[in-house]
Number of protein chains: 2
Amino acid sequence: MEISQVAKKSGVSASTLRFYEEKGLISSIGRQGIRRVFGPNVLERLELIALGRAAGFSLDEIAGILGNEAKPEIDRELLLRKANELDGTIKKLTAMRDGLKHAAACTAPSHLECPRFRRLMNLAGTGAIKGLTTNKK
Amino acid sequence: MEISQVAKKSGVSASTLRFYEEKGLISSIGRQGIRRVFGPNVLERLELIALGRAAGFSLDEIAGILGNEAKPEIDRELLLRKANELDGTIKKLTAMRDGLKHAAACTAPSHLECPRFRRLMNLAGTGAIKGLTTNKK
DNA sequence: CTACAACTTCAAGTTAACTTTAAGTCAAGC
DNA sequence: GCTTGACTTAAAGTTAACTTGAAGTTGTAG
């Protein structure tokens, strides 16, 4: 497959594919003239990368995890650690969500006068809720 | 208070405080010579900013929400929208976590042969799980 | 044969939220 | 009166994950 085929099938743009190759995340099976040729397993690999990204791994981490073997064996302990990390994130976000919902419904004249909102502010201020972002767009 | 006092009390570094001021997120009450002087309500303001960040607002969004009034009144509908957004994020992360936990425990010889792991990969690949990041460090 | 779309490389640009650096100001202590 | 340390500004640097741009190459359709 040519790069545009891979792009179309995977939903990953050609420039990103080149970027991923440069980073060692994927590799082409060879060249036809100057053009990259990819094997079909690159699609699986791209799904693994997407999975890793969704789980919160950086590209560098993913490169380390997947290695350069065709059939990567992923460390189960690592998965568990990441699952637990996600668990913590989920708990914090849940506290956040509940606090926001309350604040939206609260009858206090100002949010600043709502004790629950204050608690939430305090939580956020102390950094108890940290390391969370939702991407732009 | 001088900037270092605010930094110490809030846990926000002096350079960040200047940066926030430049962005219009906070403001000093005046100057003593060349040095900024902050009023006590800047601390509350910083907590609100931290709360907003934790909820996934960008600094620009927060600036828009808080305005430049001393006692900001925050749009309840906006809070609710953000709460719902968080709800979606939580659901995705939960699916993710469960998938990872399963994959870690799964007895299939390779993750690639576990149907549940494949489903997870597919989810991530289609972008059903998207717009999520956990910050570095 | 020639045009053209799709590829190629390499370098530089983008965004967010800061941090770092260089050069300067200023009040206080010795 | 000089040093010190905490402040000041403005500009440049940082990081991640890409995207964009410029300039060149190639297979194919007409």
Would a 4.5 Å heavy-atom cut-off, applied to side chains only, mark [X] and [Y] as touching?
{"X": "V6(B)", "Y": "L46(B)", "result": "yes"}
{"X": "N122(A)", "Y": "E47(B)", "result": "yes"}
{"X": "I74(A)", "Y": "L48(A)", "result": "yes"}
{"X": "D60(A)", "Y": "K23(A)", "result": "yes"}

May I ask you to decide if [Y]'s main-chain N or O and [X]'s side chain share a donor-acceptor pair within less than 3.5 Å?
{"X": "E61(A)", "Y": "S58(A)", "result": "yes"}
{"X": "R76(B)", "Y": "C106(A)", "result": "yes"}
{"X": "H102(B)", "Y": "R116(B)", "result": "no"}

Which nucleotide in the set [options] lies at the smallest distance from any side-chain heavy atom of [X]?
{"X": "R53(B)", "options": "dC18(D), dC7(D), dA17(C)", "value": "dA17(C)"}
{"X": "E2(A)", "options": "dA6(C), dA17(C), dC7(D)", "value": "dA6(C)"}
{"X": "S58(B)", "options": "dT8(D), dA17(C), dT26(D)", "value": "dA17(C)"}
{"X": "R35(B)", "options": "dT8(C), dC18(D), dT8(D)", "value": "dT8(D)"}
{"X": "S13(B)", "options": "dC18(C), dT8(D), dT19(C)", "value": "dT19(C)"}

Tell me: [atom1] of [X] to [atom2] of [N], nearest whole Å?
{"X": "E61(A)", "N": "dT15(D)", "atom1": "CD", "atom2": "P", "value": "16 Å"}
{"X": "Q32(A)", "N": "dT8(C)", "atom1": "CD", "atom2": "C1'", "value": "14 Å"}
{"X": "L59(B)", "N": "dA17(C)", "atom1": "CG", "atom2": "P", "value": "4 Å"}
{"X": "L17(A)", "N": "dA17(D)", "atom1": "CG", "atom2": "P", "value": "16 Å"}
{"X": "K8(A)", "N": "dA5(C)", "atom1": "NZ", "atom2": "P", "value": "15 Å"}
{"X": "M1(B)", "N": "dC7(D)", "atom1": "CE", "atom2": "C1'", "value": "16 Å"}
{"X": "I3(B)", "N": "dA27(C)", "atom1": "CD1", "atom2": "C1'", "value": "18 Å"}

Using atom types as modelled, flag every donor-acceptor pair under 3.5 Å from a side chain in residues 14-21 of chain B to any protein atom, sequence neighbours excluded.
from: S15(B); atom 1: OG; to: S13(B); atom 2: OG; distance (Å): 3.3
from: T16(B); atom 1: OG1; to: S13(B); atom 2: OG; distance (Å): 2.9
from: E21(B); atom 1: OE1; to: R36(B); atom 2: NE; distance (Å): 2.6
from: E21(B); atom 1: OE1; to: R36(B); atom 2: NH2; distance (Å): 3.3
from: E21(B); atom 1: OE2; to: S28(B); atom 2: N; distance (Å): 3.4
from: E21(B); atom 1: OE2; to: S28(B); atom 2: OG; distance (Å): 2.8

If you look at every strand shown and take non-hydrogen atoms under 4.0 Å, does [X] touch a base, only sugar-phosphate, or nothing?
{"X": "R18(A)", "result": "base"}
{"X": "T16(A)", "result": "sugar-phosphate"}
{"X": "S15(B)", "result": "base"}

* Divergence of helical axes at both termini of the helix from dC1(C)-dG30(D) to dC30(C)-dG1(D) - five pairs an end, 10° steps ->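 End-to-end axis angle for the helix from dC1(C)-dG30(D) to dC30(C)-dG1(D): 30°, rounded to 10°.
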
* To do: Kindly state which residues belonging to residues 19-31 of chain B come within less than 4.0 angstrom of DNA chain D, counting heavy atoms of the residue only, listed by number.
  =>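 Only R31(B) qualify.
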
* Are OP1 or OP2 of dC7(D) and a side-chain N or O of R36(B) less than 4.0 angstrom apart? ->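 No, outside the criterion.
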
* What are the two closest non-hydrogen atoms of R45(B) and E69(B), and how far apart are they? ->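 So the minimum-distance heavy-atom pair works out to NH1-O, 3.0 Å.
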
* Asked: Taking the nucleotide of DNA chain D with the closest heavy atom to each, which residue, Q5(B) or D60(A), is nearer the 5' end?
  ->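 Its nearest nucleotide lies further toward 5', so the answer is Q5(B).
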
* Asked: When you match F57(B) and I34(B) each to their closest nucleotide on DNA chain C, which lands nearer the 5' end?
  ->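 The 5'-side residue here is F57(B).
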
* Stepwise, does the side chain to side chain contact (heavy atoms under 4.5 Å, CB included) test hold for E113(A) with R118(A)? -> CA-CA 7 Å; E113(A) 288 160 40; R118(A) 308 283 319 193; over 6 Å; no

